[in-house]
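Just below is one structure, and these are the notes that go with it.
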Amino acid sequence: QYELDLGDLDPMTLDDYQFKSSNGKLRMMLTYESVGSYDCTLSVSDGWETVTTDFLLVVEGIPHPPVWVSVGGFQVVQDEVTLSVIQGETGTFVMEVQDLDTREENLTFNIENGPSCAYVDDDRLMVMPGQEHVGLWDPVVSVSDGLFNVSIKVLLTIINLEERPIAIA
């Protein structure tokens, strides 16, 4: 006869658990909500004597990569987003990413192949273009949770601010 005390593990988070009497193995189907550490006790009895052992059950989640949602409120579609900034103005674009198993402050962002006026500041893509940056750019912006690195292409247009002629009298 087998008895299992799963400690603080809520039985409602178990889809199924059972012992296989033929091999004495415990089979558990846990959910994502079951992630954590639990002090457990296993008792086995042959009817005359009972043997008990304590053990730590560690349920680890399956790691999930970050998922890009938007940049500056513009939706990321098929790993691309389109942005534009007028030369001489500052473009600040908050990068929104969802990650099921990483806290937001533990995500790191990076930019590659962009104009020198574009950089990452925490979760913001900053673009401060001058006249020399006017044109089309396609930098790659990535987010990492320490395990996965997920990149998107930014189709960035820096618009020329037409200077109006000044009348000199």
Side-chain angles (χ1 to χ4, degrees), residues 4-20 23 25-42 54-87 89-130 132-159:
L4 180 63
D5 175 6
L6 294 174
D8 293 334
L9 183 60
D10 182 357
M12 299 304 291
T13 63
L14 296 175
D15 290 335
D16 178 35
Y17 73 95
Q18 62 185 15
F19 279 103
K20 297 223 182 235
N23 62 13
K25 290 185 179 179
L26 172 66
R27 179 174 186 251
M28 297 174 140
M29 301 297 287
L30 302 169
T31 65
Y32 190 76
E33 290 79 28
S34 304
V35 171
S37 298
Y38 305 93
D39 292 317
C40 301
T41 302
L42 176 64
D54 295 327
F55 64 96
L56 179 66
L57 174 64
V58 178
V59 180
E60 295 180 348
I62 298 170
H64 296 86
V67 176
W68 283 94
V69 177
S70 66
V71 178
F74 297 96
Q75 186 176 7
V76 174
V77 178
Q78 296 180 356
D79 298 328
E80 287 186 354
V81 67
T82 301
L83 306 173
S84 61
V85 179
I86 297 174
Q87 163 260 319
E89 296 184 6
T90 299
T92 302
F93 304 97
V94 175
M95 297 180 281
E96 184 182 352
V97 175
Q98 292 178 341
D99 195 317
L100 295 175
D101 48 9
T102 304
R103 292 172 44 165
E104 186 176 323
E105 61 267 16
N106 293 333
L107 297 174
T108 56
F109 295 88
N110 191 27
I111 184 171
E112 294 177 2
N113 302 324
S116 60
C117 63
Y119 63 95
V120 170
D121 181 20
D122 291 325
D123 65 345
R124 294 179 309 274
L125 173 61
M126 306 294 294
V127 184
M128 303 172 78
E132 68 276 15
H133 302 112
V134 170
L136 302 174
W137 299 85
D138 59 351
V140 174
V141 177
S142 61
V143 60
S144 174
D145 62 3
L147 185 60
F148 296 100
N149 191 44
V150 182
S151 300
I152 60 169
K153 184 182 203 178
V154 177
L155 304 173
L156 177 62
T157 302
I158 298 177
I159 301 167

Would you mind writing out the side-chain donor-acceptor pairs for residues 66-80 within the sub-3.5 Å range, not counting sequence neighbours?
unit_1 : atom_1 : unit_2 : atom_2 : d
Trp68  : NE1    : Val150 : O      : 3.1
Ser70  : OG     : Glu96  : OE1    : 3.3

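- Side-chain contact check for Val81 versus Lys153: every heavy-atom pair is 4.5 Å or farther apart.
- The two residues Val85 and Gly91 make their nearest non-hydrogen contact at CG1-N, 4.0 Å.
- Counting non-hydrogen atoms of neighbouring residues, nucleotides and ligands closer than 6.0 angstrom, the CE atom of Met128 reaches no more than 12 such neighbours.
- The side chain to side chain donor-acceptor pair (under 3.5 Å) check on Asn106 picks up nothing, with sequence neighbours excluded.
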Practice item. Kindly indicate, with the supporting measurements, whether the criterion side-chain contact (heavy atoms from CB on, under 4.5 Å) is fulfilled by Leu56 and Ser37. Key: CA-CA 7 Å; Leu56 179 66; Ser37 298; 4.0 Å; yes

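- Side-chain atoms of Leu100 and Pro63, non-hydrogen and from C-beta on, never get closer than 4.5 Å to each other.
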Review point. Would Val140 and Ile152 count as a side-chain contact (heavy atoms from CB on, under 4.5 Å) if you check the C-alpha gap in whole Å, the side-chain angles of each, and the deciding distance to 0.1 Å?
Key: CA-CA 6 Å; Val140 174; Ile152 60 169; over 6 Å; no

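- For the atom pair CE of Met95 and CG of Leu107, the computed distance is 10.0 Å after rounding to the nearest 0.5 Å.
- Residues Ile159 and Gln87 have side chains not in contact (no heavy-atom distance under 4.5 Å, counting atoms from C-beta outward).
- Applying the side chain to side chain donor-acceptor pair (under 3.5 Å) rule to pairs touching residues 109-123 yields Ser116-His133, Asp121-Arg124, sequence neighbours excluded.
- Distance CG/Leu156 to CD1/Ile111: 7.5 Å, rounded to 0.5 Å.
- At a threshold of 4.5 Å between non-hydrogen side-chain atoms, the residues Met126 and Thr90 count as touching.
- In this structure, Leu83 and Val154 have side chains that are in contact, with non-hydrogen atoms separated by less than 4.5 Å.
- For Ile62, the side-chain contact (heavy atoms from CB on, under 4.5 Å) test picks out no residue, with sequence neighbours left out.
- Pairs of residues two or more places apart, or lying in two chains, never qualify as side chain to side chain donor-acceptor pair (under 3.5 Å) while including a residue from residues 137-150.
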